[in-house]
Amino acid sequence: MNAAEDRDEAAGADGPDSRLRRFVTIWSRAVFPVTATSRTRVEFEGQLLPLARQLRDALTARAFDAAAGRQVGAALIEAHCTDPEALTRTLDVVDAYLVLYCGTSDETEREAQRARSARLQHAMAGGFAGALRERTLGEQEAISRAALTARQAVAEALHSSEARFRAVFEGAAVGIGIADLDGTILQVNDTLKTMFGAGGMDVSLRGRKVSDWTHPDDAPQVWRLYEELVQGRREHYRVEKPYYRADGTVLWTNLTVSLLRDAEGRPQYQLALMEDTTERRLLNLRLRYEATHDALTGLPNRTLFFERLEKALAAGEGRRFGLCYLDLDGFKAINDSMGHAAGDRLLVEIADRLQSCATRPGEMVARLGGDEFVALTTGPDTEREVDELASRILSMLAIPVRIEGRELTVRGSIGIVEGPAGERSPAEVLRSADITMYRAKSAGGNRYELADPEADARTITRYGLTTALPAALAREEFFIEYQPLVNLADGSVRGAEALVRWLHPQHGVLSPDRFIPLAEHTGLIVPLGRWVLDQAVRQAREWQERHADAGPLRINVNLSPHQLHYPGLVADTVEILERSGLAPGSLCLEVTESALIGADDDLLKPLRRLAEMGVDIALDDFGTGYSNLANLRRLPVSILKLDRSFTQGMQRFPVDPVDLRIVEGIVGLAHSLDLSVTVEGVETGAQAEQLRMLGCDTAQGWYYARPGPPDQLHELALVDAVG
């Protein structure tokens with residue numbers, strides 16, 4: 001039955017239990033033929049049912065717990081599924097059918113469950129290996145006891161019963177060999193001959209010297225322990241030792257060697273007991289490989305890469321390292337347009353190309369996940385080599401890749417970190433490389449950038465501010481400064497613009513340009529903007545109560561582009577005005593020109609509702625965008641705020657007549673549309689007088705006052721009232 005038929009059958013099942021039993025049936029069919037059990041298949045299926053239920057619960061649990069996978073892996077050993085093929089078939093069944101029969105039908109969640117299924121498979125493999133190791137230790141203990149029994153039996157047989165010795169010697173399930181103290185092999189049992197592949201030819205083993213069986217992978221202490229034993233200074237030892245079989249293949253064993261003494265206690269023979277652990281070792285190597293290599297590309301994964309990076313950074317004095325952190329540009333678009341299968345084939349092709357780029361000694365390539373790869377080079381001259389490695393990678397990426405009949409041109413952004421070993425941790429190196437890679441991507445991609453400690457520090461500071469923003473609002477670390485708005489005709493104060501500041505515990509007072517973009521990126525701009533509006537409206541109401549004779553003082557509050565899309569903008573504004581008692585006509589909301597370029601009716605609808613209530617809408621930074629002046633008629637604005645770039649030209653003497661004509665034209669157009677004009681950045685009296693003559697209505701800038709506390713406006717208003 002193929003996967004499509006399985007899916008259809010699962011869809012037609014009665015419920016989760018039916019799908020679970022179907023999964024168990026598939027599992028038992030795959031594993032039962034390689035399981036050494038006396039149970040029938042039906043009984044064996046009943047034994048697998050609770051294990052499948054554990055896997056299903058772990059797959060669908062809210063929080064992932066790898067313990068369930070380890071328990072299932074260990075339970076396979078208890079069910080006598082000790083053949084490595086049983087684990088292989090189990091992992092294949094879980095990989096193919098667990099999410100299908102026990103997962104969710106939602107495709108988005110299914111992707112997450114496939115990832116969780118993969119983690120369960122790793123946990124099952126770990127549990128299987130751990131349980132198998134415990135079982136092996138038990139068997140080794142049994143072997144040790146058998147060795148003692150065999151030694152006693154041999155001694156007794158030499159003195160009393162050769163027949164009894166033969167029964168033990170030949171019937172043992174482990175390989176047994178006896179040698180004299182010179183190392184000449186005297187006798188071996190059939191099990192040992194089978195292990196070495198020598199058949200029934202005793203001559204191939206008997207008479208040979210133990211010292212002939214050295215192997216390049218022998219542990220350093222093996223032959224030292226052997227010498228101590230034959231000299232009578234040690235009674236026994238146990239080691240893991242490889243041998244060459246008759247056909248040249250390697251036999252791995254757990255070897256236990258004991259010293260046999262005569263009746264007077266003098267050393268006489270050595271007894272060796274061997275357990276064949278070759279298959280177990282191959283399984284462990286396979287599990288190790290799967291744990292340290294990417295399943296899709298075969299490249300080393302994050303785990304193995306960090307091991308190599310730690311070794312490179314722990315190298316001695318004079319050693320250096322170079323790291324390239326690669327992220328493919330536009331890979332998501334390929335995945336979305338051609339499907340994940342095509343994306344996987346592309347990643348495999350990219351992996352092959354990267355491997356061909358890193359062939360020098362000390363170089364390696366790994367896949368960290370997704371479309372992120374790293375290349376590491378080590379040695380004394382990595383400053384030059386890492387640049388060459390990055391160039392080779394970009395050159396290889398430039399060659400089109402043919403996928404499903406289409407030629408795809410792949411681009412990449414690379415961040416390079418190079419330096420002496422021993423100065424930074426692996427996490428610090430990778431973080432710097434990641435930051436540098438995004439700097440290359442921001443610069444247009446298809447390039448590499450070298451790490452810059454100052455740029456890293458700025459990015460880390462930016463990240464720290466981003467994470468601190470929510471708590472800062474809760475801890476009331478924000479405050480508002482007010483910059484007066486002055487009537488150019490008579491110099492009277494008509495209100496103020498509210499400007500938010502952040503009193504950061506470590507960085508001091510931060511201006512809006514340091515944190516407003518972060519707030520917009522994280523979505524915190526909505527609650528922060530609501531707080532600013534509430535505080536500013538309350539302050540405006542307080543000013544009006546204190547200066548009732550001076551006329552209503554207005555308050556200007558900035559709206560970010562994200563706030564314009566917030567559905568509760570109108571309701572929040574109405575609620576704040578009603579709670580404070582401030583008239584709508586005393587509030588002006590400033591929206592940047594760029595935020596309204598190309599705005600549709602849905603975006604303008606909340607601004608129109610606010611304008612109909614009497615709230616003024618100001619078009620801020622006017623003149624910096626590319627909006628059509630004719631569009632001013634369809635925008636619900638009543639005020640134009642000229643950008644400070646128009647006033648900067650008036651600081652020169654003589655004033656550029658072109659600047660004057662531009663401002664004069666804008667003011668005339670605004671007044672013809674019944675719009676008032678406010679100018680920012682007024683710094684001199686000459687500027688103020690020139691703008692007044694051009695017909696501008698109000699102004700703000702350092703000439704009048706810098707942004708300051710609310711009392712500053714109170715003092716200016718008092719001076720204005722007295723004057």
Side-chain angles (χ1 to χ4, degrees), residues 288-329 331 346-398 410-441 445-453 455-456 459:
R288 166 66 179 170
Y289 181 87
E290 292 179 350
T292 57
H293 286 75
D294 177 54
L296 176 65
T297 63
L299 292 177
N301 63 10
R302 179 183 291 269
T303 300
L304 183 55
F305 169 73
F306 264 90
E307 291 178 4
R308 294 283 188 87
L309 182 58
E310 285 178 353
K311 291 180 181 179
L313 296 179
E317 186 177 351
R319 305 293 293 178
R320 301 182 70 87
F321 76 96
L323 186 146
C324 296
Y325 193 116
L326 167 68
D327 183 87
L328 301 182
D329 299 334
F331 177 73
L346 176 61
L347 290 176
V348 171
E349 174 65 25
I350 295 300
D352 292 340
R353 294 187 180 187
L354 292 178
Q355 281 188 305
S356 68
C357 292
T359 56
R360 295 177 178 174
E363 293 182 343
M364 74 166 293
V365 175
R367 182 189 179 201
L368 298 185
D371 60 337
E372 295 181 339
F373 299 85
V374 285
L376 177 66
T377 182
T378 57
D381 191 22
T382 54
E383 290 181 271
R384 174 183 57 83
E385 292 175 354
V386 73
D387 286 349
E388 293 178 356
L389 179 58
S391 298
R392 291 199 303 271
I393 291 173
L394 291 178
S395 297
M396 290 297 292
L397 291 178
V410 182
R411 292 154 48 95
S413 301
I414 299 177
I416 295 179
V417 177
E418 192 280 333
E423 293 187 354
R424 286 177 283 185
S425 69
E428 291 172 336
V429 170
L430 204 62
R431 180 177 62 182
S432 178
D434 189 21
I435 292 172
T436 307
M437 179 272 293
Y438 277 106
R439 192 148 48 83
K441 192 177 288 289
N446 197 34
R447 58 187 291 144
Y448 65 82
E449 293 282 347
L450 299 178
D452 179 1
D456 288 358
T459 301

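Counting begins at 1 with the first residue of the sequence.
- Salt-bridge check for Arg353 with Glu349: passed, with a basic side-chain N closer than 4.0 Å to an acidic carboxylate O.
- Residues forming a side-chain contact (heavy atoms from CB on, under 4.5 Å) with Glu383 (at least two apart in sequence, or on another chain): Arg320, Glu418.
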Test Phe373 against Ile393 for side-chain contact (heavy atoms from CB on, under 4.5 Å), laying out the working first.
-> CA-CA 11 Å; Phe373 299 85; Ile393 291 173; over 6 Å; no
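- Considering all non-hydrogen atoms of both residues, Met396 and Ser356 come closest at CE-OG, 3.6 Å.
- No donor-acceptor pair under 3.5 Å is formed between the side chain of Arg392 and the backbone N or O of Leu354.
- In this structure, CG in Leu368 is found 5.0 Å from OH in Tyr325, a value given to the nearest 0.5 Å.
- For the pair Cys324 and Ile414, the tightest heavy-atom approach, listed with the atom from each and the gap, is CB-CG2, 3.7 Å.
- The distance from atom CG of Asp371 to atom CG of Leu346, rounded to the nearest 0.5 Å, is 9.0 Å.
- Using a distance-only test at 3.5 Å, with no hydrogens or angles considered, no donor-acceptor pair links the side chain of Thr382 to the main chain of Thr378.
- Side-chain contact between Val386 and Phe321 is absent, with no heavy-atom pair separated by less than 4.5 Å.
- Taking each heavy atom of Ser425 and Leu313 in turn, the nearest pair found is C-CD1, 3.7 Å.
- One distance of note links CG of Leu299 with CG of Leu304; it measures 10.5 Å at 0.5 Å rounding.
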Evaluate the criterion side-chain contact (heavy atoms from CB on, under 4.5 Å) for residue pair Ile416 and Leu389; output intermediate values, then yes/no.
-> CA-CA 10 Å; Ile416 295 179; Leu389 179 58; over 6 Å; no
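- Asp329 places a side-chain N or O within donor-acceptor distance of the main-chain N or O of Asn446, the cut-off being under 3.5 Å.
- Scanning all heavy atoms of the two residues, the minimum distance from Pro426 to Glu310 falls at CG-CG, 3.4 Å.
- Formation of a donor-acceptor pair under 3.5 Å by the Ser432 side chain with backbone atoms of Glu428 is not found in this model.
- Once rounded to the nearest 0.5 Å, the distance linking CZ of Phe305 with CG of Leu430 reads 5.5 Å.
- Judged purely by atom type and a 3.5 angstrom limit, Asp434 has no side-chain atom pairing as donor or acceptor with the backbone of Met437.
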side-chain contact (heavy atoms from CB on, under 4.5 Å) between Phe331 and Val410, intermediate numbers included = CA-CA 8 Å; Phe331 177 73; Val410 182; over 6 Å; no
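- Applying the side-chain hydrogen bond (donor to acceptor under 3.5 Å, both in side chains) test to every pair with at least one member in residues 291-300, sequence neighbours left out, gives these pairs: Asp294-Thr297, Asp294-Arg367.
- A pairwise comparison of heavy atoms in Gly298 and Tyr289 identifies O-OH, 3.7 Å as the closest pair.
- Enclosure of atom CZ in Arg308 is not indicated, since only 12 or fewer non-hydrogen atoms of other residues, nucleotides or ligands lie within 6.0 angstrom.
- For Glu449 against Thr436, the heavy-atom pair with the smallest separation is O-CG2, 3.2 Å.
- For the atom pair Leu326 CG and Tyr448 OH, the distance stands at 14.0 Å (nearest 0.5 Å).
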